[in-house]
Amino acid sequence: MPRLAIIINPRGGTLAREGAPLLDALKAHDSVQQVETLEGDAAKVLSAIKLDRVDALAIAGGDGTIRAVTAAAMEARCPLPLLPLPLGTANLLPRALYGDRDALSLLDEADGFERHDLTAGALDGHLFLIAAAIGFPTALARARESLRDEDRRHKLAGAMRNAIASLGQAFRPRLTCRFDDRPAKGRASGLYVTLATDPLHETIAPDPETADQQGEATSFAAVLTRWRHIGDMAAAPVDTLTRTDNPDARTRPIAFNVAEIRSRKPLAAMIDGEPLTLGRHARIARLPDPVTVLKPSE
């Protein structure tokens, strides 16, 4: 059984709901040799890990916790592989890697997992491992987050404001995009980008006209949203989940390695479910170093 250090965010979605019993079970697991609680700076917590006494680093929290600890680990060039546990609300990365396994099952099975390198993306220097969104999709996601915020007094009112804002953005195309130095036609109201880590990414058949001219495997798939294509966008999740391909769809994804996005106003964005605000110019690119995780063998 591998020796694990575990960084725990007790405010993560599942941990906050289930409380002490789950927290105690994680700490008492036979594989766990060191426990650290995330309170504030992830880099400071990471520095307390005794690297020579453990084989891997488990992360117990939501998508934001996983992203913060992963970013700190990459910055510190931490040699340990990561084991992100599904203890948040959406659990984007754990679901992509482990399906429906729960946190304790992952700790039980970790001895059979292998090291696996994941491509990581950066939106203006902000790490993401699953998806990034700018513009129209972002306001809808913020409306969802408003409903999840337990500290917010008027959650529904906040969600309604964000939903209305998203509709306004849908009809205001402000984004100008370039993909691998090729300009996209016209302006868009939103951009949604996935990494190949996302299991939905593999269901997308990129437009051959936008394929990498050097034959290099592309890291990202992007969909631009325009108000006249809202109907196509509504149908896109159904097409993706059912693995169908509509040759007439006007929202066909674009495969790329580097994207440049410009706007006349500051950019509202989301990375792996976490909101942030950028300037009027943003860049999406692949990070030079991969993220190493523990993953079941194929």
Side-chain angles (χ1 to χ4, degrees), residues 1-18 22-23 25-27 29 31-38 41-43 45-46 48-49 51 54-122 126-132 194-201 270-274 287 289-298:
M1 181 168 290
R3 302 168 300 166
L4 300 177
I6 185 168
I7 293 178
I8 296 176
N9 178 6
R11 292 174 57 86
T14 304
L15 284 171
R17 288 192 302 271
E18 299 193 18
L22 177 56
L23 193 61
L26 292 171
K27 293 179 178 180
H29 194 276
S31 65
V32 174
Q33 305 297 310
Q34 182 178 353
V35 178
E36 297 293 335
T37 300
L38 182 61
D41 186 15
V45 176
L46 184 66
I49 301 297
L51 301 179
V54 293
D55 304 309
L57 175 62
I59 308 171
D63 295 315
T65 300
I66 291 170
R67 197 184 67 79
V69 173
T70 301
M74 294 190 73
E75 180 69 23
R77 296 192 174 276
C78 175
L80 299 175
L82 306 179
L83 181 66
L85 303 177
L87 292 167
T89 304
N91 301 312
L92 297 176
L93 183 61
R95 287 189 182 280
L97 295 174
Y98 312 120
D100 293 330
R101 292 177 175 89
D102 61 34
L104 293 174
S105 295
L106 289 175
L107 296 182
D108 290 339
E109 299 174 25
D111 60 335
F113 291 176
E114 299 176 351
R115 295 174 69 106
H116 181 82
D117 286 344
L118 297 177
T119 298
H126 300 279
L127 169 81
F128 69 97
L129 296 163
I130 294 291
T194 70
L195 271 161
T197 311
D198 184 347
L200 296 184
H201 185 98
M270 296 280 287
I271 47 174
D272 290 351
E274 296 294 307
L287 290 180
D289 297 321
V291 173
T292 303
V293 298
L294 289 181
K295 184 181 177 184
S297 58
E298 299 296 339

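Put simply, the side chain of Ile49 reaches to within 4.5 Å of the side chain of Val54, judged on heavy atoms. No side-chain heavy atom of Leu118 sits under 4.5 Å from any side-chain heavy atom of Lys295. Between Val35 and Val32, some side-chain heavy-atom pair lies under the 4.5 Å cut-off. Proximity of Met74 to Leu127: side-chain heavy atoms (C-beta onward) are separated by under 4.5 Å at one or more points. Between Leu87 and Leu26, some side-chain heavy-atom pair lies under the 4.5 Å cut-off. Val45 is not listed as a side-chain neighbour of Thr37, based on a closest heavy-atom distance of 4.5 Å or more. Side-chain atoms of Leu85 and Leu83, non-hydrogen and from C-beta on, do get closer than 4.5 Å to each other. Contact of the Asp100 side chain with the Pro86 side chain is not registered, since no non-hydrogen atoms from C-beta on lie closer than 4.5 Å.
Listed for the Asp117 side chain is no donor-acceptor partner under 3.5 Å among the backbone atoms of Pro290. Of the possible polar contacts, one joining the Gln34 side chain to the Ala48 backbone as a donor-acceptor pair under 3.5 Å is found. Although no hydrogens or angles enter the test, the distance criterion places no donor-acceptor pair under 3.5 Å between the side chain of Arg115 and the main chain of Thr292.
One finds the CG atom of Leu46 at 9.5 Å from the CD atom of Glu36 (value rounded to the nearest 0.5 Å). Between the CD1 atom of Ile271 and the NE2 atom of His126 there is a distance of 6.0 Å, given to the nearest 0.5 Å. Atom CD of Glu75 is separated from atom CG of Asp289 by 11.0 Å, given to the nearest 0.5 angstrom. Distance CG/Asp111 to OG/Ser31: 9.0 Å, rounded to 0.5 Å. Asp272 contributes atom CG, which lies 8.0 Å from atom CG of Leu195 (distance to the nearest 0.5 angstrom). Taking OH from Tyr98 and CG from Leu294, the interatomic distance works out to 6.0 Å, rounded to the nearest 0.5 Å.
In terms of heavy atoms, His29 sits closest to Leu104 at NE2-O, 4.3 Å. The shortest non-hydrogen separation linking Pro296 to Leu97 is CD-O, 4.1 Å. Residues Ala90 and Asp63 approach most closely at CB-OD2, 3.3 Å, considering heavy atoms. Taking all atoms of both residues into account, the shortest heavy-atom contact from Leu51 to Cys78 is CD2-SG, 4.1 Å.
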Quiz item: Taking it one step at a time, do Ile66 and Leu92 satisfy side-chain contact (heavy atoms from CB on, under 4.5 Å)?
Solution: CA-CA 10 Å; Ile66 291 170; Leu92 297 176; over 6 Å; no
Exercise. Give the C-alpha distance, both sets of side-chain angles, the deciding distance and a yes or no for side-chain contact (heavy atoms from CB on, under 4.5 Å) between Phe113 and Leu106.
Key: CA-CA 9 Å; Phe113 291 176; Leu106 289 175; 3.9 Å; yes
Quiz item: Which is it for Leu38 and Ile8 under the side-chain contact (heavy atoms from CB on, under 4.5 Å) test, yes or no, and what are the steps along the way?
Solution: CA-CA 6 Å; Leu38 182 61; Ile8 296 176; over 6 Å; no
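Side-chain atoms of Ser105 and Asp102 form a donor-acceptor pair, as typed in the model, at a separation below 3.5 Å.
Arg3 has a carboxylate O that lies under 4.0 Å from a charged side-chain N of Asp55, or vice versa, which qualifies the two as a salt bridge.
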